[in-house]
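To start, the structure under review is shown below, and the notes come after it.
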Amino acid sequence: QVQLVESGGGSVQVGGSLRLSCAASGLPFTILSMGWWRQAPGKAREFVAAIGWDGADTYYADSVKGHFTITRDKGKNQQYLQMNSLKPEDTAVYYCSAPSQYGPALTDRNVGSLALWDYWGQGTQVTVSS
């Protein structure tokens, strides 16, 4: 049974920081990329960041480049999203995700395609207030 469990969400003021964590089980996550998506009320789910199986490759949405950092700990099957300089527009439910192990390799061109991401956590709320 595949499980992705997020933690670390909460409420912060503008300019604050949060660190999201995701614990994964049930798949060979050591050979899978992992990622974060978010969904604000009334909006479509959007790609935030992704990291390759060995941590060497990282991908970010333009809106978070420079103030979010994705990392992973392969030994613990966990990934993290460090979010700094938070803005009200970062308010959303954040989802941990993983692609199918049988799908194409992630690249800059396809990483933001929702269809490639098969597994999802339950989400954790991040609220940034001014």
Side-chain angles (χ1 to χ4, degrees):
Q1 181 182 359
V2 176
Q3 280 195 315
L4 299 172
V5 181
E6 303 97 338
S7 61
S11 296
V12 294
Q13 292 190 326
V14 170
S17 297
L18 283 173
R19 186 188 192 219
L20 304 184
S21 300
C22 173
S25 62
L27 279 178
F29 286 100
T30 54
I31 62 168
L32 287 181
S33 299
M34 297 186 74
W36 292 94
W37 289 67
R38 67 186 181 187
Q39 188 164 18
K43 295 188 177 181
R45 192 167 296 191
E46 66 171 356
F47 170 74
V48 175
I51 187 165
W53 70 274
D54 61 354
D57 296 317
T58 56
Y59 310 88
Y60 295 95
D62 288 343
S63 58
V64 306
K65 280 181 183 176
H67 72 113
F68 285 14
T69 302
I70 187 170
T71 56
R72 69 186 297 168
D73 183 334
K74 288 180 61 178
K76 296 181 180 180
N77 277 351
Q78 291 189 352
Q79 67 160 348
Y80 309 95
L81 186 67
Q82 178 66 45
M83 305 185 294
N84 298 327
S85 303
L86 284 161
K87 310 170 186 177
E89 52 264 41
D90 294 317
T91 295
V93 177
Y94 283 71
Y95 296 91
C96 174
S97 184
S100 168
Q101 57 186 313
Y102 306 110
L106 293 184
T107 67
D108 282 337
R109 300 184 68 178
N110 68 13
V111 69
S113 173
L114 188 62
L116 294 184
W117 297 86
D118 277 10
Y119 305 102
W120 298 91
Q122 81 286 354
T124 185
Q125 177 70 46
V126 171
T127 302
V128 185
S129 57
S130 56

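In plain terms, the two heavy atoms of Cys96 and Met34 that are nearest each other are SG-CE, 4.0 Å. What you find for Pro104 and Leu116 is that their closest heavy atoms are CG-CD2, 3.7 Å. When every heavy atom of Ser33 is checked against every heavy atom of Gly52, the shortest pair comes out as OG-CA, 3.7 Å. The shortest non-hydrogen separation linking Asp118 to Ser100 is OD2-CB, 3.1 Å. Shortest non-hydrogen contact noted between Asp90 and His67 is OD2-CE1, 3.4 Å. The shortest heavy-atom contact between Gln122 and Leu4 is OE1-O, 3.5 Å.
Looking only at side-chain heavy atoms (C-beta outward), Thr124 and Ser7 stay at 4.5 Å or farther from each other. Taking 4.5 Å as the limit, every side-chain heavy atom of Phe68 sits out of range of all side-chain heavy atoms of Trp36. Side-chain contact between Val126 and Met83 is present, with heavy atoms from C-beta onward closer than 4.5 Å. Thr69 is listed as a side-chain neighbour of Tyr60, based on a closest heavy-atom distance under 4.5 Å. Within the 4.5 Å cutoff, the side chain of Thr91 has heavy atoms near those of the Gln125 side chain. Side-chain contact between Ser97 and Arg45: absent, with no pair of heavy atoms (C-beta onward) separated by less than 4.5 Å. Within the 4.5 Å cutoff, no side-chain heavy atoms of Tyr94 are placed close to those of Glu6.
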- Task: Would you please test Trp117 and Tyr95 for side chain to side chain contact (heavy atoms under 4.5 Å, CB included) and show each step?
- Result: CA-CA 11 Å; Trp117 297 86; Tyr95 296 91; over 6 Å; no
- Message: For a side chain to side chain contact (heavy atoms under 4.5 Å, CB included) check, start with the C-alpha distance between Arg38 and Ser63, then their side-chain angles and the critical distance, and finish with the verdict.
- Response: CA-CA 12 Å; Arg38 67 186 181 187; Ser63 58; 3.5 Å; yes
- side chain to side chain contact (heavy atoms under 4.5 Å, CB included) between Trp37 and Val93: does it pass, once the steps are laid out? CA-CA 8 Å; Trp37 289 67; Val93 177; over 6 Å; no
- Task: Begin with the C-alpha distance, continue with both residues' side-chain angles, and end with the deciding distance and a verdict on side chain to side chain contact (heavy atoms under 4.5 Å, CB included) for Leu106 and Trp53.
- Result: CA-CA 10 Å; Leu106 293 184; Trp53 70 274; over 6 Å; no
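Note: Asn77 CG to Arg72 CZ = 7.5 Å, rounded to the nearest 0.5 Å. In this structure, CZ in Arg19 is found 12.0 Å from OG in Ser17, a value given to the nearest 0.5 Å. The CG atom of Leu81 sits 10.5 Å away from atom SG of Cys22, with the distance rounded to the nearest 0.5 Å. From Gln82, atom CD reaches atom OG of Ser21 across 9.5 Å, with rounding to the nearest 0.5 Å. One finds the CD atom of Gln1 at 7.5 Å from the OG atom of Ser25 (value rounded to the nearest 0.5 Å).
When hydrophobic clusters are built by joining Ile, Leu, Val, Met, Phe, Trp and Tyr residues whose side-chain heavy atoms come closer than 4.5 Å, directly or via intermediates, Leu18 is grouped together with Val64. Connection of Val2 to Leu32 is established within a shared hydrophobic cluster, with ILVMFWY side chains joined at heavy-atom distances below 4.5 Å, either directly or through further cluster members.
Remark: the backbone N or O of Asp108 is not paired with any side-chain donor or acceptor of Asp57 at under 3.5 angstrom.
The residue from Asp73, Leu20, Ile70 that alone fulfils the side-chain contact (heavy atoms from CB on, under 4.5 Å) condition with Tyr80 is Asp73.
The pair Lys65-Asp62 counts as a salt bridge, with a side-chain nitrogen and a carboxylate oxygen less than 4.0 angstrom apart.
The neighbour count for Gln101 CD, taken as heavy atoms of other residues, nucleotides or ligands under 6.0 Å away, is above 12.
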